[in-house]
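Take a look at the structure below.
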Amino acid sequence: MVHADGPEGGMSKGVLVSNALLLIFAGHETTVNLIAHSVLTLLRHPDALEKLRRRPELIVPGVEELLRFESSVQFWHTRSAVEDIDIAGTTIPKGAPIFLAYGSANRDPKRFADPDELDLERRDNQHLGFSQGIHFCFGAPLARLEVQVAVGEFVRRVENPRLVEGPPPYRHNQIFRGPRHLLVDIDGIRD
């Protein structure tokens, strides 16, 4: 990025800094929040935690369900209408900003059966945890792997985990959603 010349010339210092900040937040903050949300959700749903212990092969669909159930990104503001759009009698004019509410979309009862229930074996789980289309998160494969390993090892190794503070304090951020910390008591760590 620093030395590349695109069709419009090299990137300005401001654009480089913006991209670096995006990579830091998108690549770190969201994954940390997803791991914390996953552990918190499993502690609040001990039946799901036990199911993952008994059936570790569910970690892949389980992480997809955790992405749907507790979205790390609540909304994103980088979309705009490419043409006038009529929705329920209201016109959104071409060029108007569009805010996508991922957390709400991932709990839409028209899209997901029993959307407020955690189902580690949910079928057809096309959530918006990493967005969609041309805006799909290019770091999604790495984030999925990181969360599958972290949550899988937590489930496998941590003995009798218990939430110390519930609900935990959340960061004050309108876009990225996650606990500031997650205090957990345990009885031990398995090898």
Side-chain angles (χ1 to χ4, degrees), residues 23-74 76 102-133 135-171 173 175-191:
L23 290 173
I24 289 169
F25 284 106
H28 175 74
E29 181 85 10
T30 54
T31 304
V32 168
N33 289 341
L34 179 55
I35 291 169
H37 280 140
S38 297
V39 170
L40 177 61
T41 299
L42 290 172
L43 292 175
R44 289 177 170 168
H45 295 85
D47 54 326
L49 177 62
E50 188 53 38
K51 186 179 221 177
L52 274 178
R53 277 208 177 101
R54 286 190 326 270
R55 298 179 56 201
E57 71 275 8
L58 291 178
I59 194 63
V60 172
V63 166
E64 295 305 308
E65 176 67 352
L66 290 161
L67 271 159
R68 183 200 68 81
F69 195 75
E70 290 289 352
S71 301
S72 294
V73 176
Q74 289 302 290
W76 202 252
Y102 296 114
S104 178
N106 284 335
R107 297 282 186 108
D108 184 352
K110 292 179 183 175
R111 175 60 188 90
F112 297 100
D114 302 313
D116 294 328
E117 290 185 24
L118 181 68
D119 179 1
L120 301 178
E121 297 180 83
R122 186 175 296 276
R123 302 270 187 231
D124 190 30
N125 192 354
Q126 295 182 32
H127 58 78
L128 297 176
F130 291 119
S131 193
Q132 289 289 319
H135 297 284
F136 187 75
C137 173
F138 65 83
L142 178 59
R144 282 183 167 115
L145 180 60
E146 290 173 329
V147 177
Q148 289 166 9
V149 170
V151 173
E153 287 300 295
F154 176 84
V155 168
R156 184 180 73 79
R157 297 188 66 203
V158 175
E159 296 177 4
N160 193 27
R162 301 169 305 282
L163 188 60
V164 171
E165 180 182 26
Y170 272 72
R171 292 182 183 94
N173 189 311
I175 297 172
F176 301 112
R177 180 172 174 269
R180 280 187 295 198
H181 57 263
L182 188 61
L183 301 178
V184 177
D185 261 344
I186 63 172
D187 289 344
I189 301 289
R190 297 179 191 94
D191 288 334

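Predicted model, so just to flag it, every value in this text is computed and none were measured.
Nearest heavy-atom pair, Gly103 versus Ser71, reported as atom, atom and distance to 0.1 Å: CA-OG, 3.7 Å. Nearest heavy atoms, Ile59 versus Gly152: CD1-N, 3.8 Å.
Residues forming a salt bridge (Lys or Arg N to Asp or Glu O under 4.0 Å) with Asp124 (at least two apart in sequence, or on another chain): Arg111. In this structure Glu165 satisfies the side-chain contact (heavy atoms from CB on, under 4.5 Å) test together with Pro169, His181, Leu183, sequence neighbours excluded. For Asn125, the side-chain hydrogen bond (donor to acceptor under 3.5 Å, both in side chains) test picks out Glu65, with sequence neighbours left out. Asp187 meets the salt bridge (Lys or Arg N to Asp or Glu O under 4.0 Å) test with Arg162; sequence neighbours excluded. Phe136 is linked by a ring pair (Phe, Tyr, Trp, His ring centres under 6.0 Å) to nothing, counting only residues two or more places apart in sequence or in another chain. Remark: His45 engages Phe69 in a ring pair (Phe, Tyr, Trp, His ring centres under 6.0 Å) (not counting sequence neighbours). Considering only residues two or more places apart in sequence or on other chains, Glu159 meets the salt bridge (Lys or Arg N to Asp or Glu O under 4.0 Å) condition with none of them. For Glu146, there are no salt bridge (Lys or Arg N to Asp or Glu O under 4.0 Å) partners at least two apart in sequence or on another chain. Shown here are the side-chain hydrogen bond (donor to acceptor under 3.5 Å, both in side chains) partners of Glu121, two or more places apart in sequence or in another chain: Lys51, Arg55.
One distance of note links CG of Asp119 with CG of Asp114; it measures 8.0 Å at 0.5 Å rounding. Note that the CG atom of Leu163 and the CG atom of Leu182 stand 6.0 Å from one another [nearest 0.5 Å]. Atoms CG and CG, from Leu42 and Leu120 in turn, are 7.0 Å apart once rounded to the nearest 0.5 Å.
Considering only heavy atoms from C-beta on, Val184 stays 4.5 Å or farther from Leu40 through its side chain. Residues Ser38 and Val63 form no side-chain contact, since every pair of their non-hydrogen atoms from C-beta on lies 4.5 Å or further apart. Side-chain contact check for Pro167 versus Arg44: some heavy-atom pair is nearer than 4.5 Å. Contact of the Pro161 side chain with the Val39 side chain is not registered, since no non-hydrogen atoms from C-beta on lie closer than 4.5 Å.
For the pair Arg122 (side chain) and Pro115 (backbone), a donor-acceptor distance under 3.5 Å is absent. At distances below 3.5 Å, at least one donor-acceptor pair connects side-chain atoms of Arg53 with backbone N or O atoms of Val155. Put simply, the side chain of Arg177 never gets that close to the backbone of Val73: no donor and acceptor are under 3.5 Å apart. Side-chain atoms of Arg190 come within 3.5 Å of backbone atoms of Arg156 as a donor-acceptor pair (strictly under, hydrogens ignored). Ser72 places a side-chain N or O within 3.5 Å of a backbone atom of Leu34 that can act as its donor or acceptor partner. A distance-only check finds a donor-acceptor pair linking the side chain of Arg68 to the backbone of Asn106 [under 3.5 Å].
Residue pairs meeting the ring-ring contact (aromatic ring centres under 6.0 Å, His included) criterion with at least one partner in residues 142-171, sequence neighbours excluded, are His37-Tyr170. Residue pairs meeting the side chain to side chain donor-acceptor pair (under 3.5 Å) criterion with at least one member in residues 24-33, sequence neighbours excluded: Asn33-Arg171. For the ring-ring contact (aromatic ring centres under 6.0 Å, His included) condition, no pair includes a residue of residues 104-133, sequence neighbours left out.
Other residues, nucleotides and ligands place no more than 12 heavy atoms under 6.0 Å from the CZ atom of Arg123.
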